[in-house]
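Data block below; observations after.
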Amino acid sequence: MLGQAFAYAVAHLHELIAATGQHLLLATVALGIGIVLCVPLGVWTSRSPVAAAMVINAVNALRVVPSLAILFLALPYFGLTFTSSAIALTILALPPILINTDAALRTVNPAVREAAFGMGMTQWQVLWRVEAPLALSVVISGVRTAAVEVMASATLAAFIGGGGLGIFVTRGFALYDTTILLVGAVPVALLTLVTELGLSLLQRAVRVPV
Amino acid sequence: MTAIRFEDVSKHYPGSPRPAVDLCSFAVEAGNLVVLLGPSGCGKTTLLKMTNRLVEPSAGAVYLDDTDVRQIDVTSLRRQTGYVIQQVGLFPHLTVAQNIAVVPELLGWPRPRIAARVDELLEMVHLVPGEYRHRYPAQLSGGQQQRVGLARALAGEPRVLLMDEPFGAIDAITRASLQDELLSIQRKLHKTILFVTHDVDEALRLADKIVVMEAGRVVQYDTPFAVLTRPANDFVRDLVGADDTLRQLSLLRVEDAMTGLPTGYACRDEPAIAPEADLRSALALLLRTRAPVLAVVEDGRPVGILTLEYIRCATRGSGKPAKSRSAG
């Protein structure tokens, strides 16, 4: 069966490459927006209990809505498009990044922070020189969780015409042909694994010696 | 010269019935090591943190070399005041050398000067630079971490050094050796040091002068000898254990009690003792050898004598016996 799938993939190589590009673009956009939005938000919530209660609960509430439901909820506003899919995936990416950033900064040893201020660092210097490097590994771990979820879930985009490797899955589904389904599923699995591995290595590289 | 001066300093925290610091006034001479001593909650740490403005007073003012600290830019003030805390607070993501270099870098020193300073300080705190420069804090013992903490605080050549129970979390043996090292560093550098502790022995051992605090107030500001022998009130008496004669003896030094060599006095075979030895050992020596007099010997030369009478007078805080004054 894998052989047949490979033959199909070779026959539809251009389509496969385009779909992979689309898949990666979807995931990257969602993850990018997630990072740009949630890292600063996490810095804010870690400093303000009120902000933490509001923002983290709001993001967690979003998380319980299934991705597929979000896809369909976005449809009336953005249509059967890339944008709808990107929004749904972004919402998926938010919670792990936000929660990890918040937690990472909260767990910075208060004595280290006091020493930093006591030595005459400004707020910004404390954030950039001390808190950021200490929090980085945990933040990246949140990004990793988000990236894996987004990479796998980007498959769903095909259901609403968002493209990506999911098109082979939906096609296989429609034609009841497992071979075609595998042409989508196997690359998604591989991409997800590579993402997981790559970010794990990055996380290890920036880990603070203990 | 006065290096740090507290003038009617108070600190009220909202919702607290009594002030954490209540009208404290005292001055620290340049080059002195002054210990703020008192039970927890007496306001000693609050007072210390007002010096580098980690806490701002509700009333009164703190002066650094006669400048109100509120007139100094807060980051610049803190870069001129070394700060050592009990939990050390080394930056775990930076090496020992990078930790020590933080303030010099903030001050914009050129690289070669920073590198030289790091090595100089590591040697001063007895950590071999070649071995420790590139280690991370997690690879050091608690005592070594605090040595680095001390080196880091001294790195920017601060005008004063603030130490908040720096040896509080360190085992007794290491603590004693760190205290010795602080004293020997202090003999070289003559920094103005404010040192917070609740450990009476530590205070008596390190201080040029002690500020005894109770419930936010300064109850006595005096030399260790005077605090021990002439406590200002019952609180100080209980705190320093002034009634415990044996304890006093172990904290007072021979040089506090001895008298100079009387004119024409020739040392024969009296038992010898060093001026920096404690009176407890002196008393033990007197009892053991049954000699009436001890010769105080420094660098192989007799510099004074000590008898039971002098020891008795030192513990009572009444100074030297009358006859030595007339003889002197």
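Letters A, B, ... mirror the listed sequences (proteins, then strands); counts begin at 1.
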Spell out, as yes or no, whether a donor-acceptor pair under 3.5 Å connects the side chain of Arg78(B) to the backbone of Met119(A).
->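 Looks like no, no N/O pair under 3.5 Å.
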
Donor-acceptor contact below 3.5 Å, side chain His93(B) vs main chain Val206(A) =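 Checked: no pair found.
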
Go through the atoms of Gln98(B) and report whether side chain, backbone, both or neither lie under 4.5 Å from a heavy atom of chain A.
-> neither

Please check if atom [atom1] in [X] has more than 12 non-hydrogen atoms from other residues, nucleotides or ligands closer than 6.0 Å.
X: Phe173(A); atom1: CZ; answer: no
X: Gln123(A); atom1: CD; answer: no
X: His198(B); atom1: NE2; answer: no
X: Ile173(B); atom1: CD1; answer: no

Can you tell me how far the CZ atom of Arg113(A) sits from the CZ atom of Phe91(B), to the nearest 0.5 Å?
->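 Output value for this atom pair is 11.5 Å.
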
Quick one: pull up CD in Glu114(A) and CG in Leu54(B) and give me the separation to the nearest 0.5 Å.
-> 6.0 Å

Minimum heavy-atom distance Val112(A)-Leu90(B), with the two atoms named | CG2-O, 3.5 Å

Contact winner vs chain B - Ala115(A), Gly118(A), Pro110(A), heavy-atom pairs under 4.5 Å |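 Sorted descending by pairs with chain B, the first entry is Gly118(A).
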
Residue from Pro92(B), Ala155(B), Pro137(B), Ala138(B) scoring the most non-hydrogen pairs under 4.5 Å with chain A is Pro92(B)

Contact part of Val208(A) toward chain B, heavy-atom cut-off under 4.5 Å: side chain, backbone, both or neither?
-> side chain

Between [Y] and [X], is there a side-chain heavy-atom distance shorter than 4.5 Å?
X: Asn109(A); Y: Gln87(B); answer: no
X: Arg129(A); Y: Leu94(B); answer: no
X: Leu106(B); Y: Gln125(A); answer: yes

